[in-house]
Amino acid sequence: MTNTTNGDLLLKNINAQAPFPISFADLEKAVAEKMDAGPYGYVRSGAGGEQTLRNNRAAFEKYSIIPRFLNNVSNIDTSIELFGKTYPTPLLFAPVGMNKMAHEDGELAVVRAADDLEIPYIQSTVSSYALEDVAQAAPHATKWFQLYWSTNEEIAYSMASRAEAAGFEAIVLTVDTVMLGWREEDVRNQFSPLKLGYARGNYVNDPVFMASLPDDSFESYVQGVLQNVFHPTLNWENVRELKRRTTLPILLKGILHPEDSKLAVGNGIDGIIVSNHGGRQLDGVVGSLDALPAIVDVVNGQIPVILDSGVYRGMDALKALALGADAVAIGRPFVYGLALAGQQGVEKVMTNLYDELKVSMALAGATSVKALRNVTLVKNNGVDGI
Ligand SMILES: Cc1cc2nc3c(=O)[nH]c(=O)nc-3n(C[C@H](O)[C@H](O)[C@H](O)COP(=O)(O)O)c2cc1C
Ligand SMILES: O=C(O)C(=O)c1ccccc1
């Protein structure tokens, strides 16, 4: 619960200190000047002609809200509940791989920020640090493990059970990356973090993976990752088998079609992340916010629906929650904060997003996430009706 009478959420940023980039565009500009072209292009870009990347933003931009006033907004409750636990914010850290590209402390800095802010942290399979090291860096943070299926299924089961043993509380199986999207910026820059070994953390610490290598050379490790991390055979039977092998809740990340969300519920899945991978996978896909309402409709409150892709400011989070998301996950913004100022930069970016969300809720006249569902949204500035 935030009391909005205790000082202004915006003006605390105007304090004669060196300004930290306040908007996504400012962040991206600052990071473009700081990072090398290869890693920067890897993080920033979308697949193909970047239509999906643009669709994500366009989807948010086309909604406007009609605020209500005279509603006593001196206390704003942004809390949500997921899998029986209450969190103060409706934000999550989306799984982002290979964080050492952005900062030497990589995932360790991000999980510490997550711990401080009480925001659930989803660690990627292709992280720079091992899941056990991340768990040790922030034993009390809520951590979920994002699983990339492996061509050798035993590696996937091994990683899932390591995550369970290390105290991770859910498995997020990403279903939209059975191979890499057509990422032209990486070809232009001749840059592959996978080939450079940035994704080592979880693999070199996995006994099943290591036993599958012919020797312990760097080349064998890279070949092993490439052979396993892309997994075009993935299918619903694999999902059912994974479910039999873990006691943790399983979420599917990358669902966009309402029929797939129906299958997810039917197969006993515990949550869905509506996402187009930040426009990095199939180009020409709908903005993830545009996929949300039909999925919320089908799922009908049976399991949580989380949204990511293009949530770059508090007002975007508000719109997604108003359209029925239970929470939103943030990708590139926190990576940019990490690149600029490590753990502190991550905290600054997430705090700004959160503070803007609180200001937006108050000014819209909604005092809780539940109340946001009743906010009036119009498309295309009301031209198409409500
Ligand atoms: C550099 C980078 C690496 C990513 N790595 C992963 C990953 O390992 N696993 C995964 O499920 N999603 C991955 N994603 C996708 C994010 O989880 C998320 O879906 C996406 O970033 C959301 O869009 P946004 O960046 O517009 O917020 C990655 C995204 C970026 C930018
Ligand atoms: O870069 C990504 O978006 C990503 O998810 C990924 C997938 C496989 C290997 C490396 C990164």
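Note that ligands are numbered from 1 as they come in the structure, with each ligand's atoms numbered from 1 the same way. Quantities reported herein were computed from a predicted structural model and do not represent experimental measurements.
In this structure, the protein non-hydrogen atom closest to atom 5 (N) of ligand 1 is Gly97 N, 3.1 Å. Nearest to atom 19 (O) of ligand 1 among the protein's heavy atoms is Asp308 OD2, 2.8 Å. Scanning the protein heavy atoms around atom 20 (C) of ligand 1, the nearest turns out to be Gly278 N, 3.7 Å. Protein heavy atom at the shortest distance from atom 9 (C) of ligand 2 is Leu194 CD1, 3.7 Å. If you check which protein heavy atom lies closest to atom 11 (C) of ligand 2, you get Tyr42 OH, 3.2 Å. When only non-hydrogen protein atoms are considered, atom 7 (C) of ligand 1 lies nearest to Tyr148 OH, 3.3 Å. Given atom 12 (N) of ligand 1, the protein heavy atom at minimum distance is Lys253 NZ, 3.0 Å.
Residue contacts with ligand 2: Arg183 is included, with a non-hydrogen atom under 4.0 Å away. Using a 4.0 Å heavy-atom cutoff, Val43 is listed among the residues neighbouring ligand 1.
Counting atoms of ligand 2 from 1 in the listed order, those under 4.0 Å from a heavy atom of Met98 are 10 (C), 11 (C). Heavy-atom contacts of Gly310 reach the following atoms of ligand 1: 23 (O), 24 (P), 26 (O), 27 (O) (cutoff under 4.0 Å). The distance from ligand 1 to the heavy atoms of Thr174 drops below 4.0 Å at these ligand atoms: 10 (C), 11 (O). Proximity to Arg332 (heavy-atom distance under 4.0 Å) selects the following atoms of ligand 1: 24 (P), 25 (O), 26 (O), 27 (O), 31 (C). Against a heavy-atom cut-off of under 4.0 Å, Tyr148 is close to the following atoms of ligand 2: 4 (C), 5 (O), 6 (C), 7 (C), 8 (C). Atoms of ligand 1 found under 4.0 Å from any heavy atom of Ser275 (numbered from 1 in listed order, with element): 19 (O). Atoms of ligand 1 found under 4.0 Å from any heavy atom of Ser124, numbered from 1 in the order shown, are 7 (C), 8 (O). Per-residue contacts place Arg280 under 4.0 angstrom from the following atoms of ligand 2 (heavy atoms of the residue considered): 1 (O), 2 (C), 3 (O). Using a 4.0 Å cut-off to heavy atoms of Tyr312, the atoms of ligand 1 that qualify are 24 (P), 25 (O), 26 (O), 27 (O). Atoms of ligand 2 lying under 4.0 Å from any heavy atom of Thr177, numbered from 1 in the order shown and given with element: 7 (C).
With hydrogens and angles ignored, the 3.5 Å screen pairs a side-chain donor or acceptor of Arg332 with a backbone N or O of Ser45. Although no hydrogens or angles enter the test, the distance criterion places no donor-acceptor pair under 3.5 Å between the side chain of Asp290 and the main chain of Ala59.
The environment of CD in Gln136 is sparse: at most 12 heavy-atom neighbours from other residues, nucleotides or ligands sit within 6.0 Å.
With rounding to the nearest 0.5 angstrom, the NZ atom of Lys243 is 5.0 Å from the CG atom of Asp270. Rounded to the nearest 0.5 Å, atoms CG (Leu173) and CG (Asn238) are 8.5 Å apart. Once rounded to the nearest 0.5 Å, the distance linking OH of Tyr63 with CG of Asp316 reads 13.0 Å. In this structure, Leu91 CG and Tyr354 OH are separated by 8.0 Å, a value rounded to the nearest 0.5 Å. In this structure, CE in Met1 is found 5.5 Å from CG in Asn75, a value given to the nearest 0.5 Å.
For residues 64-90, the pairs satisfying salt bridge (Lys or Arg N to Asp or Glu O under 4.0 Å) are Lys85-Glu169, with sequence neighbours left out.
Counting heavy atoms closer than 4.0 Å to ligand 1, residue Pro95 contributes atoms from both its backbone and its side chain. With a 4.0 Å cut-off on non-hydrogen atoms, Gln146 touches ligand 1 through its side chain and not its backbone.
Glu132 has a carboxylate O that lies under 4.0 Å from a charged side-chain N of Arg162, or vice versa, which qualifies the two as a salt bridge. Using a 4.0 Å cut-off between charged nitrogen and carboxylate oxygen, Asp105 and Arg112 do not count as a salt-bridge pair. We find that Arg57 and Glu61 are joined by a salt bridge, their nearest charged nitrogen and carboxylate oxygen being less than 4.0 Å apart. Ion pairing between Asp355 and Lys358 holds under the 4.0 Å rule for side-chain N and carboxylate O.
Here's the thing with Val126: none of its N/O atoms is less than 3.5 angstrom from an N/O atom of ligand 1. Of the polar atoms of Tyr42, none of the N or O atoms is found under 3.5 Å from an N or O of ligand 1, judged by distance alone. Backbone and side-chain nitrogen or oxygen atoms of Gly331 are examined, and one is located within less than 3.5 angstrom of a nitrogen or oxygen of ligand 1. In terms of polar-atom proximity, defined here as any N/O pair under 3.5 Å, Arg280 makes no such contact with ligand 1.
When only modelled atom types and interatomic distance are considered, Ser275 and Asp308 share a side-chain donor-acceptor pair under 3.5 Å.
If you look at Trp149 and Tyr157, their ring centroids are closer than 6.0 Å.
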